[in-house]
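A, B, ... follow the sequence lines: proteins, then strands. Residue 1 opens every chain. Values below: every heavy atom of this structure, side chains too, minus hydrogens, waters and symmetry copies.
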2 protein chains.
Amino acid sequence: MNPSLPIACTEHDHNLCVHQALQAADALCSRQGVRLTALRRRVLELIWQSHKPLGAYDILAVLSQEDGRRAAPPTVYRALDFLLGNHLIHRLASLNAFIGCTHPAHAHQSHFLICRVCHTAIEVDSPAISATIHAAAEAVDFRIEGEMVEVVGLCAQCQAATK
Amino acid sequence: MNPSLPIACTEHDHNLCVHQALQAADALCSRQGVRLTALRRRVLELIWQSHKPLGAYDILAVLSQEDGRRAAPPTVYRALDFLLGNHLIHRLASLNAFIGCTHPAHAHQSHFLICRVCHTAIEVDSPAISATIHAAAEAVDFRIEGEMVEVVGLCAQCQAATK
DNA sequence: AAGGATGAGTTATATAATAACGTCCCTCAC
DNA sequence: GTGAGGGACGTTATTATATAACTCATCCTT
Ligand SMILES: [Zn+2]
Ligand SMILES: [Zn+2]
Ligand SMILES: [Zn+2]
Ligand SMILES: [Zn+2]
């Protein structure tokens, strides 16, 4: 196995992923003076349950089940809005789904490689991608406010599996 | 006015845009041996009515009105699927909307600059963007099947207007 | 004319997201 | 204290986007 592969694509202690993500979220929210309430934290935890994007209604189903009672769409969407606003998750428009941000501490754009087979979404941190996008925008005098890059294809594992 | 700006951002004879797009579509479909039926052609024409992405239900509303009888969603979505499949339009996932392809004759990815204010969508043809995306994908052994780049911001005109 | 493929009409439903309003609870000025 | 204000969340209803399943008409092909 290629040791340089992103963690999302490799066998790893995923409990540690979740734990670190939640700790980072706690730290970030306290630093920002915003409240990571129990509900918001639980939604973030659910999103982090895997490296695959999760739909709002999937989250809703889990909450409804474990809460015994209700849980309506606005409950989930408000939590998601909070998490998005504080850069703790990203929204993948091509999937209508959400995924935990792997480096929430610094501002960055949403660049993902999404496996068509196993649905793993790999967050890419490539300044070169942003640089070329900025160059193209500058050429037509366009002022960038937000970039969204979603690439679909096959991750390393699924390529190997289908060989 | 900057003469190097993309046509979508400038004053121009838009009837010509539409006319050329429909002619190109006729040519392409006949070359491919597929049928650009009246309905499909009409939907393409509606999408080309501006350089702003158009929603499926906007198309549906127009068709319903002019047809007298109510057109139903599948009618529109089937036409859209055909147009997408033959690369005559692109789908903008971040807007759930569709826009005419400016160079359908050769295969290419979906790269757009979308103005937050006037909603104009500028199709970008930048091999450099694809190159950097490919480099990032190769670094993690990911095989690309399709790229989606949607950048939101302010087009040149709207920057000038809000100054 | 029979058979098969394609395009499109029709009805119903699935999936995703938001609007509008109410309640609880905490905090802060008075 | 108390009550005004605001944030978080519950609740109900609705809007927006997309697809399933079935039907029929048309047009080739044989
Ligand atoms: Zn993990
Ligand atoms: Zn991130
Ligand atoms: Zn034009
Ligand atoms: Zn195009």
N/O donor to acceptor pairs below 3.5 angstrom from side-chain atoms of residues 23-32 of chain A, sequence neighbours left out:
from, atom 1, to, atom 2, distance (Å)
Asp26(A), OD1, Arg41(A), NE, 3.1
Asp26(A), OD2, Arg41(A), NE, 3.4
Asp26(A), OD2, Arg41(A), NH2, 2.7

Donor-acceptor pairs under 3.5 Å, side chain of residues 89-100 of chain B to any protein atom, not counting sequence neighbours: which ones?
from, atom 1, to, atom 2, distance (Å)
His90(B), NE2, His108(B), NE2, 3.1
His90(B), NE2, Glu123(B), OE2, 3.0
Arg91(B), NH2, Asn96(B), OD1, 3.0
Ser94(B), OG, Glu150(B), OE1, 2.4

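Surrounding NE2 of His19(A) are at most 12 heavy atoms belonging to other residues, nucleotides or ligands under 6.0 Å away. Applying the 6.0 Å contact sphere to CD of Gln65(B) captures no more than 12 heavy atoms from other residues, nucleotides or ligands.
With sequence neighbours left out, the ring pair (Phe, Tyr, Trp, His ring centres under 6.0 Å) criterion links His14(A) to His12(A), His51(A). Residues that satisfy the side-chain hydrogen bond (donor to acceptor under 3.5 Å, both in side chains) test with Ser130(B), not counting sequence neighbours, are Glu147(B).
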- Just do the side chain to side chain contact (heavy atoms under 4.5 Å, CB included) check on His111(A) and Asp125(A) with the steps written out, would you? CA-CA 7 Å; His111(A) 297 173; Asp125(A) 184 11; over 6 Å; no
- Task: Output, in order, the C-alpha distance, side-chain angles, deciding distance and verdict of side chain to side chain contact (heavy atoms under 4.5 Å, CB included) for Val151(A) and Phe142(B).
- Result: CA-CA 10 Å; Val151(A) 177; Phe142(B) 184 94; 4.0 Å; yes
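Put simply, Thr75(B) has a side-chain N or O that comes within less than 4.0 Å of OP1 or OP2 on dG9(C).
Annotation: proximity of residues 31-54 of chain B to DNA chain D (heavy atom, distance under 4.0 Å) is found for no residue.
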- Note on the structure: Under a 4.0 Å heavy-atom criterion, the protein footprint on nucleotides 11-27 of chain C, written with B, S and -, is B----BBBB--------
